[in-house]
Amino acid sequence: MDPSEYDLAYFHRAGFHRRTCVVCHAAFWTLGAHDRCQEAPCRDYGFLGHPGFARPYDPDGLREAFLGFFEARGHTRIRRYPTVARWRNDVFFTQASIYDFQPWVTSGAIPPPANPLVISQPVVRFIDIEEVGRSGRHMTLFEMMAHHAFNRPDHEVYFKERTTELCHEFLTTTLGADPTGITYKEEEWEGGGNLGPSLSVGLLGLELATLVFMEYLRDGTTLRPMPLTVVDTGYGLERFVWMSRGTKTAYEACFGRPYEDLRATFSAREAAILVDHARALNYLLTDGVVPSNSKEGYFARLLIRRAVRILQTRPEAPTLNVVLDEVARDIARVAPEVGAHRDDLHRVVEAEVERFGEAIARARVIIRRTEERAQASGEPVTEEDLLAWYDSLGVPPEIAVEELRHAPKIPEDFYARVAARHEGERPVNEYTDKGAELPTPPEDTPATQAEYYLDPYTVAFDAHVVWASGPFVALDRTYFYPTSGGQVHDLGQLGDQDVVDVERKGRWILHRLDGVAQVAPGDRVHGRIDAARRTQLMQHHTATHLMNGALRELLGPHVWQAGAYKGPDLARIDITHYRPLSREELRAVVQRVNAIVREDRPVKSYFEPRTEAERRFGFTLYQGGAVPGKDLRIVEIEGFDVEACGGTHCTHTSEVGAIDVLDVERIQDGVVRLSYVSGGRALDVREQQQEVLRESARRLGVGVDQLPSGVDRLLAELEESRKSAKQRLKGDLGAEAVRLLDDPSATESAGGVTLTHQTGALAREELMELSRLLTKGPDRVAVLASERDGRGLLFVGSTAERVRADLVLRHAAPAFSGKGGGNPAAATAVGEPGAPLAEALKAALEAARRAATA
RNA sequence: GGGCACGUAGAUCAGCGGAAGAUCGCUGCUUUCGCAAAGCAGAGGUCGGGGGUUCAAAUCCCCCCGUGUCCA
């Protein structure tokens, strides 16, 4: 980055000078006489025991000082955003305050909620989870205080000069930091294709804040100025509090009572991990994360398990829920929503803690067995076993060692080696833009007006063609719904041609016809939509919102829509939930949605500015995931459910008709899928199912209500006849065995061994059974031949030690080009088609006699 | 989203190319006034499902389904 980027008039005016750090060689600006930047590791912490601010603050006080300072200087205070970034599909968590405004605000698509603004945003970062409690300052969740300004070419709010000045004023006047102690280090910042200069603010060894100026777009190797420049600052609340108190660690400075209470029982590191994880969990669970083995749920699981493992080391320790509640009390002062719905949160945590217990119990058994087996074979349990157990059973190495009598040492680089086991795995980004395969109309083509938003009932309309290419047609306006938001597209006709697909592409909606489009730009065409299909799609879509609302209402606010599909034949909703739905819960949900249907509540669809909608309804709006655009389309089922949604909906709940749930399944850990039908489709499905029932009952010769008992009877009969067939075969073979043993031409005695042979047409399994019957006692040998489908089969069974069945077979097999093998007790071979089976039998008998008399 | 482990009798599991097993539980008999216990006998299996390789598959390969777990 060009040094002139940092050459601020403010620095010169205020008397700063530019120096180079003797340690890290970075340039920095200061009022003091430092030869190095005031950040670790270039210098030690100088504030431990000697606070760097005029007075100590607690987190509430410091946050208020910051927000108040910027409010007094023209900034608007903004409430925190959720820690789960549901308005984005590229990340799980809000990892910086600027995430709140990406991508729509920073790209210039929509105006910021205020400009300039100030916020204190809880952000989640899992990179440093191992450092928590170790470094004294790392946390999985911390509050990033920030002031942001968004500058358009025609309206600059403020940029580098004012930002730096405000920061310095806040530090030196409000907090009373020594002006000469602060250094502003020059750093280049880059992220998400944007970059720009940034200043890192150091004081007494601690990096307190970063001031980022997003200014350029990276375009290959060249830089282009951004149309919108952004002031992106980040002030670490916890670090400020720490600086103001000068305690040994940031944890004791920030967590107060809960931390102190835990210190009575736990080490400093353990207490730090507990309060940190408890705070992160309170936010994550409140914001709708359900612990699971994938996606964002995994992080919640990780936090819970790490915390539980520490708590379980002390018998007198409180439960995790108690720790969560104590930490939540402090959070609730600034984020009241974290204090609400504690019961639901407790249930989620309890279920997860229980599962962890089960996983560990299961693992202990396996560990013990492995060790017993290892001892039996004389081989020790190795480090590799520890790694494998952790990876596939989830057993922390400490617990494994506890369980073992002779344990290997836990390798220093244990977790690095776990990571190494996963090297080479490439997460595949499944996200493919379906629109990429579609052609793009030229830039100057007028955009398509989507009329279905305002009027979902119109199914015939006239419009003008604005573009046509091959089978694709774009109109100036259309009532055809394109596949989006989980709702599949409409069908119908455009002019004389059938519409087979409708997709959105940029600003246009493309109708795909069943052949090359017979229209040209400027033509007026008549569109007709398959009304029955559209009605069904609307019913399924509104039914889906009803399901979502009822599930959240009855199961708890931890339920979020994790995916949905609304087709003409079936609708599905996937929800986050920590256990399978019980029959009672399902029944309650079905009753509830059908009750709302009968109440005939109005369903209102309307557009509202994004920020305004988020303020009125909260972020539960984003049930369907990230929704693009400046204005959100809100679908509101009066007094029941509100979601941001672009779909076509009924205007009253009664239009949905009956809702029947067809199937409930757990599609993955923490996600339950419900499949259902409504409207006319529900009637069809019911009719079909009743027909199936009637027909089944008719074939069984019972009434519909007697189907279950009728089926039971049938199954019992089947079982009975299967058994008797088996018995009969056994009986037949038994009789045959007795006959053979009595028949001198079939049974002979050789060297004290009873040798029986037979030639027939039995299947392999039958030969086996017959042999078994013939060799019931000791010193018996059976040589059985069978011809089936033109191929010879030879079976040798033996209970005589001297006569090895496999050796006998090996002698006999060449006689009929047989392939096979076996063990000393039993052996079998199949010959080539047409090869002389009799010869093989003869050879086998000879070999058996020889062996018996040897 | 990716990797790994696991799915065998009612339960817990062994077997890991050659004739489906153990322990507990269950049924019956013996012994006992009865119970517990012991002994004897017995019932109970599409070896998760479907393909493939092989003379032969619970066992090897592929694809599903289910469970657990680690990583992003």
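Chain letters run A, B, ... following the sequence lines, proteins first and then strands; every chain starts at 1. What you are looking at is a predicted structure, and each value in this text was computed from that prediction instead of being measured.
- When distances run from any side-chain atom of A:A359 to the nucleotides B:A19, B:C70, B:G68, the shortest one goes to B:G68.
- Checked against B:C55, B:A72, B:U69, the side chain of A:R764 finds its nearest nucleotide in B:C55.
- The side chain of A:F92 has B:A72 as its nearest neighbour among B:G68, B:A19, B:A72.
- Taking a pair as Watson-Crick or G-U wobble with both distances under 3.5 Å, RNA chain B forms stems of 3 or more consecutive pairs at B:1-7 with B:65-71, B:10-13 with B:21-24, B:26-30 with B:38-42, B:48-52 with B:60-64.
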### Query
Between A:I367 and A:W389, is a side-chain contact (heavy atoms from CB on, under 4.5 Å) present by the stated rule, with each step listed?
CA-CA 8 Å; A:I367 289 170; A:W389 287 335; 3.9 Å; yes
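- The CD-P distance, from A:Q668 to B:C64, rounds to 16 Å in whole Å.
- Distance from the side chain of A:S392 is smallest for B:A5 among the nucleotides B:A5, B:A56, B:A19.
- Phosphate proximity of B:G68 to A:R666: present, with a side-chain N or O under 4.0 Å from OP1 or OP2.
- If you take atom C1' in B:G48 and the same atom in B:U8, they sit 10 Å apart, rounded to whole Å.
- Here the side chain of A:K819 is nearest to one of B:C55, B:U69, B:C70, namely B:C55.
- Listed candidates were B:A72, B:G18, B:A19. Nearest to the side chain of A:T828 is B:G18.
- Judged purely by atom type and a 3.5 angstrom limit, A:R125 uses its side chain to pair as donor or acceptor with the backbone of A:Q95.
- Within 4.0 Å of A:R791, counting heavy atoms only, lies no atom of the nucleic acid at all.
- Of the candidates B:A19, B:C55, B:G3, B:C55 carries the atom nearest the A:V830 side chain, counting heavy atoms from C-beta on.
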### Query
Under the side-chain contact (heavy atoms from CB on, under 4.5 Å) criterion, do A:D574 and A:V672 qualify, and how do the steps go?
CA-CA 6 Å; A:D574 300 339; A:V672 177; over 6 Å; no
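- Here A:L302 lies in heavy-atom contact (under 4.0 Å) with sugar-phosphate atoms only.
- The gap from the P atom of B:G49 to that of B:U31 amounts to 45 Å, rounded to the nearest Å.
- In this structure, A:N823 atom CG and B:C55 atom C1' are separated by 15 Å, rounded to whole Å.
- At the heavy-atom level, A:G394 lies under 4.0 Å from the strands shown only through sugar-phosphate atoms.
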